[in-house]
Colleague: 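Once you've had a glance at the structure underneath, I'll fire off some questions.
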Amino acid sequence: MSSISDSAASTTNQYAPKEGDGPVFADLKSAFELTVSDASSFVNQTKKNWQTRYCVWSGQSLDGKKHAREGQNPAPVPWDGASDLRVPLIDQAINDKVAADCLGFRKANLVAVPVEGNDVKRAKIVSGFMKWLLFTQVPEVDREVELLRNYVHEKGVGVMGVFWETDIQKTLETLTLEALLQAVPNVQAALTEPALEPDFIDLLRQAYPGTSKKKAKKMIEELKTEGKTTVCVNGKERQRPVLRALSLDEDVFVHPSVTDIENAPAIYRVQYYTPQTLRMKVATEGWDSAWVENAIESQRNKVATILPDANPNPTTRDYTTQDMKQRVTDLVGVIFAYQKLSDEDGVPGIFCTVFNPMVAPTEKHKGYAKFELLGYRHGESPFVLFRREFLSRRILDTRGLPEPGRAFQDQLKACRDSRIDAASLSVCPPLMFPHGRPPAAWGPGARVPERRPGEYHFGDRPAFDMNTTEVERGIIQSWKEYIGEATGDSDAGKAAMKAQWEVGRFLAQFSKVSRQIWSLYQQYGDDRQWFRVIGLRDAQQFQKGDANEQFDFYFSYDAVMNDVENMSAKLETMAKVISTFDRNGNVDFNEALQFAMETIDPTIAERIIQPAEQATQKAVEDEQSALAQIFAGIDKDIKLGAPPQVGMSIINGYAQQPEIQARMQGDKAFAARLEKRAKQYQFQLTQQKNSVIGRMGA
């Protein structure tokens with residue numbers, strides 16, 4: 001392992017280039033090709049995993065039977081037309097686990113934990129803001145989480161890329177000659193005199209950044225002939241975090257000797273662009289235009305991860321050369337190399353180089369489109385690793401479900417194929433006839449002449465083997481036990497424990513994604529942002545705060561939440577414990593109510609639960625309004641669910657006012673209305689005490 005690691009390190013310079021210089025193309029190319037080549041065993045295994053999951057093998061037919069192919073030797077076993085079923089045992093298991101993970105992600109509660117004690121009060125505000133940011137401002141989050149979990153369960157490992165995107169919307173604006181003349185009076189002369197046209201072109205390009213000379217000339221011609229033209233202008237700028245699920249056999253490559261993705265000397269992300277998008281990168285992100293044109297000319301329709309003079313590495317879904325060509329049709333492959341390098345003072349940093357190993361340096365460019373220090377303040381690589389299991393410290397030393405599950409699936413297929421083949425022989429057994437004298441017809445109603453009885457007859461039918469059904473049932477049960485699914489009441493607790501462990505481990509890994517999103521928002525987000533949190537019907541403003549403000553994030557989730565019956569019993573037990581043992585009022589009942597409602601349904605909780613301050617304020621306002629109506633002569637009963645403690649407090653304070661006491665002495669009807677409302681609240685308080693006495697006996 002050490003020799004592999006040393007060879008990987010030797011192909012890349014561990015020191016950042018001096019200011020004004022860039023990376024050495026030969027080192028970049030060598031390190032990338034070595035990483036892809038050494039990862040070929042993992043890539044080949046992911047190919048087998050995909051074939052196992054989706055039941056893909058050579059010689060398949062759409063009717064689920066074996067058919068002889070021209071030139072095939074030997075012939076299909078046991079015969080041409082025998083059963084060849086696809087049994088999606090592993091696919092079903094992966095789909096179930098992906099559904100459980102995605103459901104857990106959606107139902108989990110995202111909590112911000114302050115690193116410093118003085119941030120405790122703000123932590124709850126940050127928690128609500130992060131929920132809003134993740135689930136409303138990242139529209140692709142559900143898709144990318146589902147894709148990530150498919151990668152993890154199928155391939156054994158996956159990566160979530162966390163980036164910050166700035167998007168400027170383009171709008172088409174109509175520019176009329178009349179409006180232009182009012183703004184620039186000498187435009188008419190520029191339109192009529194050819195000598196002034198270059199100055200007018202420069203004026204248009206300055207007024208509308210991003211306009212090419214060709215477009216400016218076209219605008220001038222349209223102004224001359226039609227009196228108006230159109231031009232693209234920059235609209236509203238939108239900034240937001242972006243999540244991308246990436247696979248380690250196609251989208252991202254890391255050397256197999258790496259044990260921690262954060263300490264990897266280099267991470268290579270592969271992405272394909274259209275020529276139009278590449279040319280746009282020149283204007284929007286400062287890519288080298290000469291490199292872009294060279295890449296479009298030489299690498300269009302080519303796969304960037306195929307090594308020269310070597311067999312192609314299987315890095316696509318069905319792993320065929322034809323499919324690889326179709327996937328990159330009219331596209332250009334680009335490699336983003338994230339290298340951890342140190343400057344002359346030993347200060348490390350992550351540098352990103354945009355290149356293609358097949359686009360060598362020329363006189364016009366240096367062999368890369370862009371080279372820069374990654375500007376993310378958190379100082380980490382923008383990739384978070386997710387593993388299904390830990391067989392060793394190396395990040396690629398893990399298995400997807402298809403590896404241990406293939407034996408179960410093949411055995412199950414053998415049982416089902418054998419029953420179908422036995423049924424086929426039973427319905428239509430082999431036909432016996434004298435040698436050289438086949439019957440002219442055979443089937444229901446056919447007339448077959450015979451010279452001696454019994455000359456033509458069916459062969460013996462094979463006895464139906466009932467054991468295959470029992471064997472199949474045992475295979476399925478063993479498989480469910482292996483992957484942690486309950487097969488009966490006896491192992492329900494064990495299955496719940498494993499489900500909690502799997503979803504909990506995924507959510508713990510996703511907490512790092514949340515920390516990076518928070519760090520990116522602190523760096524690039526707006527200083528003030530309007531957002532909406534659970535329980536607030538109106539949006540509120542969030543202030544970014546200190547740039548050094550730190551929070552840890554975690555997702556709290558209980559797998560029992562998916563079992564309504566068990567969760568109801570758990571909540572009921574919790575309520576009894578609180579009411580029985582909370583003698584000093586240590587339990588925050590508002591938080592308990594919030595937890596219970598979010599457990600039942602987070603969507604409902606978001607719509608009906610108010611924060612304690614807002615609920616108390618509303619109760620005070622309602623009581624004051626009711627007292628005003630009582631003062632005016634209207635009889636008002638208390639509302640269902642009105643907090644009696646708040647109501648009694650308001651009434652007691654109200655009755656202590658001198659003018660109210662004078663009114664009560666002189667107006668017996670007013671005093672009766674007020675007393676009636678106070679008695680209703682007192683009855684509610686008595687009922688609450690009686691419920692406690694009934695449980696505790698005192």
Side-chain angles (χ1 to χ4, degrees), residues 23 25 28-29 31-33 35-36 39 43 46 138 140 143-144 147-148 150-151 155 157-167 240-254 261 264 266-289 291-307 312-317 323-339 350-359 365 367-372 374-376 381-385 516 520:
F25 174 79
L28 272 175
K29 178 180 179 180
F32 172 69
E33 292 180 349
T35 299
V36 176
V43 173
T46 60
V138 187
E140 71 276 4
R143 179 195 67 197
E144 298 303 319
L147 192 58
L148 173 69
N150 270 285
Y151 289 156
K155 306 171 189 289
V157 64
V159 167
M160 181 67 82
V162 187
F163 311 98
W164 187 268
E165 180 182 85
T166 301
D167 181 27
R240 69 177 185 90
V242 175
L243 299 181
R244 289 289 181 268
L246 307 167
S247 65
L248 280 163
D249 64 333
E250 183 176 359
D251 306 313
V252 172
F253 290 90
V254 181
I261 196 168
I267 304 172
Y268 302 95
R269 177 168 66 94
V270 183
Q271 191 162 345
Y272 291 87
Y273 294 100
T274 63
Q276 295 81 0
T277 304
L278 282 180
R279 293 188 175 103
M280 188 184 304
K281 295 284 186 182
V282 175
T284 58
E285 300 184 20
W287 287 20
D288 190 323
S289 60
W291 183 92
V292 167
E293 295 302 327
N294 191 352
I296 293 173
E297 180 181 357
S298 63
Q299 299 305 308
R300 197 168 178 177
N301 303 322
K302 294 182 180 180
V303 179
T305 51
I306 292 182
L307 302 181
N313 283 310
T315 56
T316 57
R317 170 161 285 194
D323 179 74
M324 294 169 76
K325 291 181 178 179
Q326 290 177 355
R327 286 171 62 94
V328 301
T329 299
D330 203 33
L331 299 177
V332 179
V334 175
I335 313 299
F336 294 81
Y338 299 86
Q339 296 175 290
I350 298 177
F351 291 80
C352 179
T353 307
V354 182
F355 76 108
N356 183 299
M358 297 296 103
V359 182
H365 64 81
Y368 52 86
K370 190 177 183 180
F371 171 75
E372 64 178 355
L374 191 65
Y376 293 164
S381 68
F383 304 103
V384 179
L385 186 73
Q516 288 201 3
L520 292 175

Colleague: Which heavy atom of Y268 sits nearest a heavy atom of A31, and at what distance?
Modeller: OH-CB, 3.2 Å
Colleague: Would you name the heavy atoms of S298 and V359 that are closest together and state the gap between them?
Modeller: OG-CG2, 4.1 Å
Colleague: Please report the shortest heavy-atom distance between I335 and P357, naming the atom on each side.
Modeller: CG1-CD, 3.8 Å
Colleague: Using 30° and 60° as the class boundaries, would you call the ring planes of W291 and W287 parallel, tilted or perpendicular?
Modeller: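 Judged by the thresholds at 30° and 60°, the geometry between W291 and W287 is perpendicular.
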Colleague: What are the two closest non-hydrogen atoms of Q299 and M358, and how far apart are they?
Modeller: NE2-CB, 3.2 Å
Colleague: Using a strict cut-off of less than 4.0 Å between a Lys/Arg side-chain nitrogen and an Asp/Glu carboxylate oxygen, indicate whether E140 and R240 qualify as a salt bridge.
Modeller: yes
Colleague: Could you check if a side-chain atom of T274 sits within less than 4.5 angstrom of a side-chain atom of D330, using non-hydrogen atoms only?
Modeller: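 Answer no - side chains too far apart.
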Colleague: Just so I know, are the side chains of V332 and Y273 near enough to count as touching, which here means a heavy-atom distance under 4.5 Å?
Modeller: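 When only atoms from C-beta onward are counted, Y273 and V332 do not touch, as no gap falls below 4.5 Å.
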Colleague: Using atom types as modelled and distance alone, determine if a side-chain donor or acceptor of Y376 lies under 3.5 Å from a backbone N or O of W164.
Modeller: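 Confirmed, Y376 side chain pairs with W164 backbone.
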Colleague: Going from CG on L246 to CZ on R269, what distance comes out if it is rounded to the nearest 0.5 angstrom?
Modeller: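 Result: 7.0 Å between the selected atoms.
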Colleague: Parallel under 30°, tilted from 30 to 60°, perpendicular over 60°: which one fits the rings of F371 and F351?
Modeller: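 It falls in the parallel class, under 30°.
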Colleague: Hey, could you give me the CD/CZ distance between E33 and F253, rounded to the nearest 0.5 Å?
Modeller: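 Rounded to the nearest 0.5 Å, the CD-CZ separation comes out at 12.5 Å.
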Colleague: With a 4.5 Å heavy-atom cut-off, do V159 and I261 have their side chains touching?
Modeller: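 SC-SC contact between V159 and I261 confirmed.
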Colleague: Which atom names give the shortest non-hydrogen contact between V254 and A264, and what distance separates them?
Modeller: CG1-CB, 4.3 Å
Colleague: Please find the pair of heavy atoms, one from A245 and one from E144, that lie closest to each other, and give the distance.
Modeller: N-OE1, 2.7 Å
Colleague: How long is the gap from CD on Q516 to CZ on F163, to the nearest 0.5 Å?
Modeller: 9.5 Å
Colleague: Yes or no on salt bridge (Lys or Arg N to Asp or Glu O under 4.0 Å) for D288 and K370, after CA distance, side-chain angles and deciding distance?
Modeller: CA-CA 7 Å; D288 190 323; K370 190 177 183 180; over 6 Å; no
Colleague: Looking at Y272 and A304, would you say the former's side chain and the latter's main chain have a donor-acceptor pair under 3.5 Å?
Modeller: yes
Colleague: With rounding to the nearest 0.5 angstrom, report the OH to CG distance, Y151 to D251.
Modeller: 5.0 Å
Colleague: Is there a side-chain contact between E285 and M280, using heavy atoms and a 4.5 Å cut-off?
Modeller: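 The answer is no, as the side chains (C-beta and beyond) never meet within the 4.5 Å cut-off.
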Colleague: Run the side chain to side chain contact (heavy atoms under 4.5 Å, CB included) check on L248 and K155 step by step: do they pass?
Modeller: CA-CA 9 Å; L248 280 163; K155 306 171 189 289; over 6 Å; no
Colleague: With a 4.5 Å heavy-atom cut-off, do V334 and K281 have their side chains touching?
Modeller: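 No, their side chains stay 4.5 Å or more apart.
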Colleague: Tell me, do N301 and L331 make a side-chain contact under 4.5 Å, heavy atoms counted?
Modeller: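 N301 does not reach L331 side chain to side chain.
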Colleague: Any side-chain heavy-atom pair from Y338 and S381 closer than 4.5 angstrom?
Modeller: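 Contact flag for Y338/S381 side chains = no.
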Colleague: Going through the checks in order, is the side chain to side chain contact (heavy atoms under 4.5 Å, CB included) test met by R279 and I296?
Modeller: CA-CA 9 Å; R279 293 188 175 103; I296 293 173; 3.8 Å; yes
Colleague: So M160 and L243, do their side chains get closer than 4.5 Å, heavy atoms only?
Modeller: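 Counting from C-beta outward, L243 and M160 do come under 4.5 Å.
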Colleague: What's the spacing between S247 OG and L148 CG if we round to 0.5 Å?
Modeller: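 Reported to 0.5 Å precision, the distance equals 10.5 Å.
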Colleague: Is the distance between the ring centroids of Y368 and F25 under 6.0 Å?
Modeller: no
